[in-house]
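Worksheet: one structure, shown below.
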Protein chains: 2
Amino acid sequence: MPNSQYRYLQRHFSDLIRDNKLKSGTKLPSEREIGEAFKVTRVTVRQALQNLEAEGLIYRQNRRGWFVTPPAVVYDPASHLSFNRYVAEQGSTPHTEKLAQQVEPANAKIAQLMCITEGTPVLFLHRRRYINLRPILIEKMYINLDLLPGLENEDLSQSLSQLLQQKYQREYRDMDLSFKSTALPSHAANDLGISTGQAGLQVERINYTSDKKVLEIDYEFWRHDAVTINIAIRD
Amino acid sequence: MPNSQYRYLQRHFSDLIRDNKLKSGTKLPSEREIGEAFKVTRVTVRQALQNLEAEGLIYRQNRRGWFVTPPAVVYDPASHLSFNRYVAEQGSTPHTEKLAQQVEPANAKIAQLMCITEGTPVLFLHRRRYINLRPILIEKMYINLDLLPGLENEDLSQSLSQLLQQKYQREYRDMDLSFKSTALPSHAANDLGISTGQAGLQVERINYTSDKKVLEIDYEFWRHDAVTINIAIRD
DNA sequence: AATACAATCTGGTATATACCAGTTGACAAC
DNA sequence: GTTGTCAACTGGTATATACCAGATTGTATT
């Protein structure tokens, strides 16, 4: 039933990519060139490309072009491995960039979740994480300084889990996770260099210590095409 | 920085919906009417509507119009509650429709996962699930008949978990979960009555019995705007 | 060799228009 | 009343065109 020119184009590139004739990271021809080659207008080309983007096969860089998406990383929040570790184990190169850091009074929501009084200083940390130089994840974290005094003076572009283990003898254990597949909010889209309205995966995570205190609250914004989440539930 | 007519439109409807001036389920004016009212072309209107769709605020029904999205259901795969139970507990009405059912020989992949020999009969079950009469989830399940003999003769549009418990004294316990945020494959999009290329959430689930045998393998395809997933990880 | 700048290439946004294909509702025929 | 038909309306697909703004590149200048 669904026969149209943009679907033909979509199928064409989809096949090329799946057969590995267009390799990971390759730049596609420009929208105008594709249109000329297939004798369709740019509007039609863009519809095909946007669908391929939704499928996660290609992605765009603003006014630079369209590129073939590299394989997604598999992320197991329960594995207690750091981002750096699991990315490296899958044969890619992780990189973390600190965008902002600030000790600030806890707002009502954070205070309630952390069971502390509103206004208590917490550490806000804003980071961008890369795989093979491609930005794929924005983190905004609120960290309980009562449990981790002096953390604000450490190098916070390093692995946090490693830092917690070595300096504080703390580790991530229990956590509450929430996932939502939706367009990224504009602040996250901007930080990732993608246009507002693009699909993404939002994760909220509350990390607990072994004695059930809230260590940290994370808001994560992932490119939808960059991650698959695996979790084992064991009673 | 991002100032354009379609963003203005997007913001306009986004505000109306968030302020509850356009209520859940309401039909928007037609694309042509919106275009006339705001003095923009239909192409621009559609760009705004498509972004609102990506944000999960509105959804479309083919050639019927655009509607305001109802609230998402919260799904906790580890809660051991059935779909019917958790939907009902959140004040909505669940409904299940069996689309297909068939005893078939296990293919290589299913056989390997179930630790059975290829060709052993398994029960394939294909269902569509609704919330308040809106189709939001397609399930394709492969069920281990060695562990559940005769299941194919039961009414399979009912709650499976209830059936397993009552007739077989079995229940869902351990499971492996995999989530991926991506455009739904065309078969799932068709079953949900949405156009190919729309965003969705794909879930793969392997259910184990208490003695570590594979009871069932599920492939779930959710509307992205219909669900939020919550999981508690406890060591 | 390093720098500055302009031409060119890219995707981003927008107009105007046309025809197609399901859905709906009104009305006529039974 | 029920059924059938048809016109009007909806979103779906597509053409042709235009201009904007950021990114890239080649060239002239220093």
Side-chain angles (χ1 to χ4, degrees), chain A residues 1-13 25-54 58-69 133-135 183 186 189-198, chain B residues 1-13 25-54 58-69 133-135 183 186 189-198:
Chain A
M1 186 188 348
N3 261 329
S4 43
Q5 299 186 60
Y6 81 86
R7 278 183 208 285
Y8 174 81
L9 269 182
Q10 200 176 325
R11 180 65 183 269
H12 175 77
F13 284 105
T26 310
K27 184 178 176 302
L28 301 190
S30 75
E31 297 176 353
R32 289 172 176 85
E33 279 173 7
I34 295 174
E36 257 177 80
F38 290 84
K39 308 226 179 302
V40 295
T41 56
R42 236 183 101 206
V43 180
T44 306
V45 174
R46 278 173 72 80
Q47 186 156 6
L49 296 180
Q50 279 164 23
N51 277 6
L52 289 164
E53 181 186 39
I58 62 175
Y59 69 99
R60 49 179 125 178
Q61 287 183 31
N62 199 301
R63 283 167 240 264
R64 290 202 347 105
W66 295 86
F67 301 84
V68 178
T69 309
L133 302 179
R134 179 175 174 235
S186 55
N190 289 339
D191 287 345
L192 287 172
I194 63 186
S195 50
T196 338
Q198 292 308 313
Chain B
M1 189 188 347
N3 260 330
S4 44
Q5 300 186 59
Y6 80 86
R7 277 182 208 285
Y8 175 80
L9 268 182
Q10 200 176 326
R11 180 63 183 270
H12 175 77
F13 284 104
T26 309
K27 183 177 178 302
L28 300 191
S30 76
E31 297 175 353
R32 288 171 175 87
E33 280 173 7
I34 296 175
E36 257 177 78
F38 289 86
K39 308 224 180 302
V40 295
T41 58
R42 235 181 102 207
V43 180
T44 307
V45 173
R46 278 173 72 81
Q47 186 155 7
L49 295 179
Q50 279 164 23
N51 278 6
L52 289 164
E53 181 186 39
I58 62 176
Y59 69 100
R60 50 178 124 177
Q61 287 183 31
N62 198 301
R63 284 169 240 262
R64 293 204 342 108
W66 294 88
F67 301 84
V68 178
T69 309
L133 301 179
R134 178 174 174 236
S186 55
N190 289 339
D191 287 344
L192 287 171
I194 61 185
S195 51
T196 338
Q198 292 309 312

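Order of the sequence lines sets the chain letters (A, B, ...), proteins ahead of strands, with each chain counted from 1. For the numbers below, each heavy atom of this structure counts, side chains included, while hydrogens, waters and symmetry mates do not.
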Tell me: [atom1] of [X] to [atom2] of [N], nearest whole Å?
X	N	atom1	atom2	value
B/Asn190	C/dG22	CG	P	13 Å
B/Asn62	D/dG11	CG	P	10 Å
A/Tyr8	D/dT13	OH	P	18 Å
B/Glu36	D/dT10	CD	P	10 Å
A/Ile58	C/dT10	CD1	P	15 Å
B/Leu49	D/dT13	CG	P	15 Å
A/Lys39	D/dA14	NZ	C1'	16 Å
B/Tyr59	D/dG11	OH	C1'	15 Å

Is there a side-chain polar atom (N or O) of [X] under 4.0 Å from OP1 or OP2 of [N]?
X	N	answer
B/Gln5	C/dT13	no
B/Arg64	C/dG22	no
B/Gln47	C/dA14	no
A/Thr44	D/dT13	no

* To do: Give a yes/no verdict on a cation-pi contact between B/Arg134 and B/Phe67, requiring under 6.0 Å between NZ or CZ and the six-membered ring centre and an angle within 45° of the axis.
  =>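 So B/Arg134 doesn't make the cation-pi contact.
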* Asked: With a 4.0 Å cut-off on heavy atoms, is B/Arg42 in touch with a base, just the backbone sugar-phosphate, or nothing at all?
  ->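 Base, at least one base atom sits under 4.0 Å.
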* In terms of side-chain heavy atoms of B/Arg63, which of D/dT15, C/dT13, C/dT23 is nearest? ->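 Closest nucleotide among those given: C/dT23.
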* When you get a sec, tell me which of C/dT15, D/dT15, D/dG12 is the closest nucleotide to the side chain of B/Arg46? =>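 That would be D/dG12.
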* Mind listing the closest non-hydrogen atom pair of A/Val40 and A/Val45 along with its distance? =>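 Closest approach of A/Val40 to A/Val45, heavy atoms only: CG2-CG2, 3.7 Å.
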* To do: Taking all non-hydrogen atoms of both residues into account, name the closest pair between A/Thr196 and B/Asn51 and its distance.
  =>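 Closest pair (atom of A/Thr196, atom of B/Asn51, distance): O-ND2, 4.0 Å.
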* Asked: Do A/Arg46 and A/Glu53 have side-chain heavy atoms sitting under 4.5 Å apart?
  ->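 SC-SC contact between A/Arg46 and A/Glu53 ruled out.
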* Do B/Gln5 and B/Thr41 come close enough that some side-chain heavy atom pair is under 4.5 Å? ->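 The answer is no; the side chains never approach within 4.5 Å.
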* Parallel under 30°, tilted from 30 to 60°, perpendicular over 60°: which one fits the rings of B/His12 and B/Phe38? ->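 Perpendicular.
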* Starting from the 5' end of DNA chain D, give me the residue, B/Val43 or A/Gln61, whose nearest nucleotide shows up first. =>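 Comparing both residues, the 5'-ward one is B/Val43.
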* Asked: Using a heavy-atom distance cut-off of less than 4.0 Å, which residues of residues 25-35 of chain B contact DNA chain D?
  ->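 Hits under 4.0 Å, by residue number: B/Ser30, B/Glu31, B/Arg32, B/Glu33.
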* Got a sec: does the CD of A/Glu36 have more than 12 other heavy atoms crowding it under 6.0 Å? ->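 Counting neighbours around CD of A/Glu36, 12 or fewer heavy atoms of other residues, nucleotides or ligands fall under 6.0 Å, so no.
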